[in-house]
Amino acid sequence: MLNAPPHGQLPVVATSPLLAGAAPAQALLLTENAALTNGPPLLFQRLTAKEREEVLREGQKRVVYRGKMLFSQGTPHDGIFLIESGRIRVFYIAPSGREITLAYWNSGNFVGGPELFGQGHHVWSGVAATNSVVVHLTGKTLRRLIAQIPSFAIGLIEGLTFKGKCYSALAQMLGTRSVTERLAHLLLHLTDAYGVREDGAIVIGSAFTHADLAHMVGATRQWVTISLKRLQEQGILKAEKARMVIYDVAALHAMRGDS
């Protein structure tokens with residue numbers, strides 16, 4: 001269990017997992033582009049060990065408990081957050097109150113863009129989906145590091161490019177796929193990302209609530225609950241509190257409209 005206070009600032013020590021720069025920076029998002037599902041390029045992959053240490057030394061480490069906001073839509077922007085561990089959900093809230101999840105970002109990613117240098121306001125929000133540790137780099141600090149470390153600048157550009165492609169793919173999915181097709185696509189994506197074969201079925205052990213699924217596919221929680229119940233009655237899956245068991249992957253492909 002994390003024992004630091006929420007949003008508490010901690011020293012960035014040399015044991016940071018980000019120093020290794022080797023773990024895949026995976027992400028969970030709604031896209032039909034298979035190239036995007038493996039996650040963005042590693043932010044630190046072009047940096048030397050000394051350059052990684054320099055970047056982390058300039059940041060402030062924070063512990064953010066599950067459910068706590070990291071940054072909020074409409075608040076003043078001041079830099080980005082490198083995810084050292086955990087998972088951050090980035091989402092947008094419409095004036096009507098409807099919420100859409102843009103992506104879940106994991107260790108090795110950064111969140112808080114698309115602005116980098118502390119100008120303007122956040123255009124969406126970020127919340128800790130699990131207990132997380134992040135490193136905050138202010139806009140002023142980023143300007144200095146980009147001028148000093150060109151490889152770091154390239155990593156940021158690659159990351160922003162990847163995120164732009166992700167959000168473009170999400171807009172395309174929302175505009176061209178029915179909500180039923182989007183749900184089937186998400187379930188198949190979760191099967192690929194988290195599924196483990198067990199007794200002839202595929203078990204998705206990573207817990208996502210009905211509300212989580214609804215926010216990803218652009219539906220209401222009630223609609224997702226009814227749809228999952230219908231799929232369970234058809235023997236396609238079984239939705240449990242902490243996991244989901246997929247019995248018929250082919251049926252989900254047909255539901256998605258695959259030929």
Side-chain angles (χ1 to χ4, degrees), residues 1-2 4-10 12 16-18 20-21 23-31 36-44 55-56 59-93 99-116 118 121-139 141-142 155-156 158-167 169-170 186 189-190 193-194 206-209 211-217:
M1 179 179 294
L2 296 172
H7 292 279
Q9 294 188 352
L10 305 171
V12 180
S16 171
L18 291 173
Q26 296 180 344
L28 176 61
L29 54 138
L30 201 63
T31 175
L36 298 179
T37 58
N38 292 326
L42 289 169
L43 179 59
F44 281 7
V55 171
L56 292 178
Q60 287 287 343
K61 183 178 289 191
R62 298 182 183 180
V63 175
V64 191
Y65 281 110
R66 177 182 177 183
K68 295 296 183 180
M69 298 298 296
L70 183 58
F71 54 91
S72 299
Q73 182 175 324
T75 59
H77 185 278
D78 187 19
I80 61 172
F81 301 88
L82 311 180
I83 305 174
E84 183 174 284
S85 63
R87 180 189 299 158
I88 303 296
R89 181 173 76 94
V90 176
F91 63 98
Y92 174 79
I93 300 178
E99 185 177 311
I100 183 73
T101 293
L102 303 179
Y104 286 85
W105 300 105
N106 297 327
S107 176
N109 289 294
F110 67 91
V111 294
E115 173 62 55
L116 295 179
H121 295 77
H122 286 288
V123 294
W124 45 68
S125 299
V127 64
T130 64
N131 291 343
S132 303
V133 179
V134 302
V135 178
H136 180 220
L137 294 170
T138 66
T141 298
L142 283 172
L156 289 170
E158 289 178 337
L160 290 174
T161 299
F162 181 88
K163 290 172 184 289
K165 290 179 179 179
C166 290
Y167 298 153
L170 173 61
L186 176 58
H189 186 18
L190 292 175
Y194 300 104
S206 186
F208 290 92
T209 67
D212 292 333
L213 300 179
H215 291 154
M216 288 201 72
V217 301

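Put simply, the side chain of Leu43 reaches to within 4.5 Å of the side chain of Leu156, judged on heavy atoms. Leu213 places a side-chain heavy atom less than 4.5 Å from the side chain of Leu186. Between Asp78 and His136, some side-chain heavy-atom pair lies under the 4.5 Å cut-off. Residues Ile80 and Leu116 form a side-chain contact, since some pair of their non-hydrogen atoms from C-beta on lies under 4.5 Å apart. Contact check for Val64 versus Ile88: no side-chain heavy atoms found under the 4.5 Å cut-off. Residues Leu56 and Phe44 have side chains in contact (heavy-atom distance under 4.5 Å, counting atoms from C-beta outward).
Tested against Ser85, the residues Asn131, Val134, Thr130, Val133 include a single side chain to side chain contact (heavy atoms under 4.5 Å, CB included) partner, Val133.
The distance from atom CZ of Arg87 to atom CZ of Arg66, rounded to the nearest 0.5 Å, is 9.5 Å. Once rounded to the nearest 0.5 Å, the distance linking CG of Leu102 with CE of Met216 reads 9.5 Å. Expressed to the nearest 0.5 Å, how far CE of Met69 lies from CZ of Arg89 amounts to 8.0 Å. Atoms NE2 and CD1, from His215 and Ile93 in turn, are 8.5 Å apart once rounded to the nearest 0.5 Å. Between the CZ atom of Arg62 and the NZ atom of Lys68 there is a distance of 14.5 Å, given to the nearest 0.5 Å.
Using a 30° and 60° split on the angle between ring planes, Tyr194 and Phe208 fall in the tilted class, from 30° to 60°. By the 30° and 60° cut-offs, the orientation of the rings of Tyr167 relative to Trp105 is perpendicular.
Considering every non-hydrogen atom in both Pro114 and Trp124, the closest pair reads CD-CZ2, 3.4 Å. Minimum heavy-atom separation, Val111 to Phe71: CG2-CE2, 3.9 Å.
Legend: residues meeting side chain to side chain donor-acceptor pair (under 3.5 Å) with Thr161, ordered by chain and number and at least two apart, are absent.
Panel note: side chain Ser107, backbone Gly86; no donor-acceptor pair is recorded below 3.5 Å. Proximity of a side-chain donor or acceptor of His121 to a complementary backbone N or O of Val123 within less than 3.5 Å is not detected. Put simply, the side chain of Ser72 never gets that close to the backbone of Ser125: no donor and acceptor are under 3.5 Å apart. Between the side chain of His77 and the backbone N or O of Glu115, at least one donor-acceptor pair lies under 3.5 Å.
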### Query
Checking side chain to side chain contact (heavy atoms under 4.5 Å, CB included) for the pair Leu137/Phe110: CA distance, chi angles, key distance, verdict?
CA-CA 10 Å; Leu137 294 170; Phe110 67 91; over 6 Å; no

